[in-house]
Amino acid sequence: MGKFIVIGERIHCISPAIRQAMDTMTPDPILKRAKEQLDAGATYLDVNIGPAEKNGPELMQWAVKLLQDNFDNVPLCLDTANRKAIEAGIQVYNRAKGKPIVNSADAGDRISYINVAADCDAIVIALCSKAGVPAGVDERMGYLMEMLELGMGLGMEPDDMWFDPLVVVAKGMQDQLGDVLEALRQFSEQGFKSTGGLSNVSNGMPKTLRPIMDSAFIAMCMQAGMTSAIINPCDQRMMETIKSCDIVKNNVLYADSYLDL
């Protein structure tokens with residue numbers, strides 16, 4: 001399947017520093033977060049501007065040009081509930097290092113994001129959910145097929161649809177984590193690419209436990225066939241786990257220096 005793809009999650013308007021930087025279009029905090037994640041091993045950077053109801057298109061275009069101009073056309077994952085902002089960001093996107101990712105469609109109110117990706121020749125993250133947490137593996141697979149049929153009908157290649165099984169919270173939904181892993185296994189068996197917000201699994205846990213749980217879960221997800229994840233690449237334990245799993249899965253050629261690569 002190839003080397004596991006890390007999408008860095010830390011340029012997110014939920015962070016007070018990033019929200020203020022976006023509100024005022026101040027580059028430095030965003031550039032700092034970007035450099036930290038790329039230095040830690042991120043492949044893509046997720047750029048989450050939130051709803052951005054007032055100036056979404058302008059803000060997304062500013063962020064895309066800022067990051068790609070400063071980091072050699074780094075590939076980006078454009079993340080917002082504002083569809084026009086996604087489209088505007090793609091208009092100024094440089095594809096030298098890969099297609100943009102549209103984050104994200106689902107099988108419900110945001111299914112039209114698949115149309116955006118198809119129209120713009122982009123990758124789309126397709127969340128296997130319609131309203132809330134799916135009831136189980138079969139429901140996730142049903143949503144996958146529904147979105148796949150739409151995307152392929154619009155001319156998309158299956159490799160440009162990255163399916164998200166919806167990672168649930170261990171604290172309170174522990175009994176459903178097996179469904180997430182089984183869904184990933186079935187995605188992989190059918191040759192589909194997958195991703196998801198990995199850190200959801202440890203939401204609500206004490207800070208001391210979160211890196212432990214996240215690292216254990218990413219290893220199990222990779223064994224089940226997951227091909228990428230939206231994570232904090234500055235979590236050293238997490239990145240060491242991903243790099244080690246890539247070796248075990250024969251995705252990367254072993255060298256004693258593999259953790260430094």
Side-chain angles (χ1 to χ4, degrees), residues 4-105 110 113 116-117 120 122-125 127 162 164 195-200 202-203 207 210-211 214 218 228-239 242:
F4 193 79
I5 295 173
V6 172
I7 303 171
E9 68 183 5
R10 300 190 69 234
I11 301 175
H12 195 308
C13 63
I14 200 170
S15 158
I18 296 300
R19 183 172 63 249
Q20 184 176 4
M22 288 180 175
D23 287 345
T24 58
M25 291 192 179
T26 303
D28 287 352
I30 293 171
L31 294 176
K32 180 175 182 292
R33 287 278 178 97
K35 185 176 188 305
E36 288 171 350
Q37 293 182 96
L38 293 170
D39 287 350
T43 309
Y44 279 82
L45 296 178
D46 189 74
V47 184
N48 190 325
I49 65 171
E53 293 174 355
K54 293 183 179 178
N55 67 334
E58 178 188 6
L59 176 58
M60 187 63 88
Q61 287 193 338
W62 172 79
V64 167
K65 289 190 283 188
L66 174 69
L67 291 165
Q68 291 201 310
D69 288 350
N70 281 274
F71 297 105
D72 191 26
N73 298 315
V74 58
L76 301 174
C77 183
L78 309 186
D79 193 348
T80 175
N82 185 329
R83 177 174 168 167
K84 290 183 178 179
I86 293 277
E87 293 168 336
I90 292 174
Q91 286 174 5
V92 298
Y93 186 93
N94 187 310
R95 297 167 182 261
K97 296 288 183 69
K99 295 181 181 183
I101 299 177
V102 174
N103 189 7
S104 61
R110 290 178 60 152
Y113 275 49
V116 174
C120 299
I123 295 165
V124 67
I125 293 175
L127 180 67
W162 296 7
D164 180 346
T195 194
L198 193 285
S199 59
N200 286 351
S202 64
N203 274 344
K207 288 184 178 180
R210 294 198 68 177
D214 290 347
I218 195 70
S228 73
I230 305 166
I231 66 165
N232 174 11
C234 299
D235 179 341
Q236 184 177 353
R237 185 196 298 257
M238 172 90 78
M239 292 302 291
I242 289 170

Report task. With side-chain contact (heavy atoms from CB on, under 4.5 Å) as the test, would you mind laying out the steps for D46 and I11 before giving the verdict? Result -> CA-CA 6 Å; D46 189 74; I11 301 175; over 6 Å; no
Query raised in the report: Do the side chains of I125 and C77 get nearer than 4.5 Å, heavy atoms only?
Result: yes
Query - Under 3.5 Å donor-acceptor, Y113 side chain and A81 backbone - result: yes
Query raised in the report: Would you say the side-chain atoms of R95 and N73 include a donor-acceptor pair closer than 3.5 Å?
Result: no
Query raised in the report: What distance do I86 atom CD1 and Q91 atom CD have between them, rounded to the nearest 0.5 Å?
Result: 12.0 Å
Report task. Go through the structure and list residues passing side chain to side chain donor-acceptor pair (under 3.5 Å) with R110, not counting sequence neighbours. Result -> none
**Report entry** Rounded distance [0.5 Å steps], CD1 in I230 versus CG in D164
**Finding:** 6.5 Å
Report task. Give a yes or no on whether the backbone of E9 and the side-chain of R33 come within a donor-acceptor separation of less than 3.5 Å. Result -> no
Query raised in the report: Taking all non-hydrogen atoms of both residues, which atom of A42 and which atom of G8 are closest, and how far apart?
Result: CB-N, 4.2 Å
Query raised in the report: When rounded to the nearest 0.5 angstrom, what distance separates SG in C234 from CZ in R10?
Result: 4.5 Å
Please list every donor-acceptor pair under 3.5 Å in which a side-chain atom of residues 47-60 meets a protein atom from a residue at least two apart or in another chain.
| unit_1 | atom_1 | unit_2 | atom_2 | d |
| --- | --- | --- | --- | --- |
| N48 | OD1 | G50 | N | 2.9 |
| N48 | ND2 | H12 | NE2 | 3.1 |
| N48 | ND2 | D79 | OD2 | 3.2 |

Requested in this report: Decide side-chain contact (heavy atoms from CB on, under 4.5 Å) for I30 and W62; before the verdict, give the C-alpha distance in whole Å, the side-chain angles of both, and the deciding distance to 0.1 Å.
Outcome: CA-CA 11 Å; I30 293 171; W62 172 79; 3.6 Å; yes
Query raised in the report: Can you find a heavy atom in the side chain of Q37 that is under 4.5 Å from one in the side chain of V6?
Result: no
Query - Side chains of K99 and Y93 in contact at under 4.5 Å (non-hydrogen atoms) - result: no
Query raised in the report: Does NZ belonging to K97 count more than 12 external heavy atoms closer than 6.0 Å?
Result: yes
Query - Spacing of CE belonging to M25 relative to CD belonging to Q20, to within rounding of 0.5 Å - result: 14.5 Å
Query raised in the report: Any side-chain heavy atom of I7 within less than 4.5 Å of one from I231?
Result: no
Query raised in the report: When rounded to the nearest 0.5 angstrom, what distance separates OH in Y44 from CD1 in I101?
Result: 4.5 Å
Report summary line: salt bridge (charged side-chain N to carboxylate O under 4.0 Å, His left out) filter on K65, not counting sequence neighbours, yields none
Query raised in the report: What distance separates I123 CD1 from L78 CG, expressed to the nearest 0.5 Å?
Result: 11.0 Å
Report summary line: P233 and A40 have their tightest heavy-atom pair at O-CB, 3.2 Å
Query - Min side-chain heavy-atom separation V116-E87 under 4.5 Å - result: yes
Query raised in the report: Under 3.5 Å, is there a donor-acceptor pair between the side chain of Q68 and the main chain of N94?
Result: yes
Report task. Return the minimal non-hydrogen interatomic distance between A34 and L67, and the atom names on each side. Result -> CB-CD2, 3.5 Å
Requested in this report: Measure across A229 and L198 and return the closest heavy-atom pair with its distance rounded to 0.1 Å.
Outcome: CB-CB, 4.2 Å
Query raised in the report: Just by modelled atom types, is the A88 backbone N or O under 3.5 Å from a matching donor or acceptor in the Q61 side chain?
Result: yes
Report task. Step by step, work out the side-chain contact (heavy atoms from CB on, under 4.5 Å) result for I218 and R237. Result -> CA-CA 11 Å; I218 195 70; R237 185 196 298 257; over 6 Å; no
Query - For the student: nearest non-hydrogen atoms of P100 and A122, plus distance - result: O-CB, 3.5 Å
Query raised in the report: Looking just at side-chain N and O atoms, do D214 and S202 make a donor-acceptor pair shorter than 3.5 Å?
Result: yes
Requested in this report: Of all the heavy-atom pairs spanning S228 and W162, show the shortest one and how long it is.
Outcome: OG-CE3, 3.7 Å
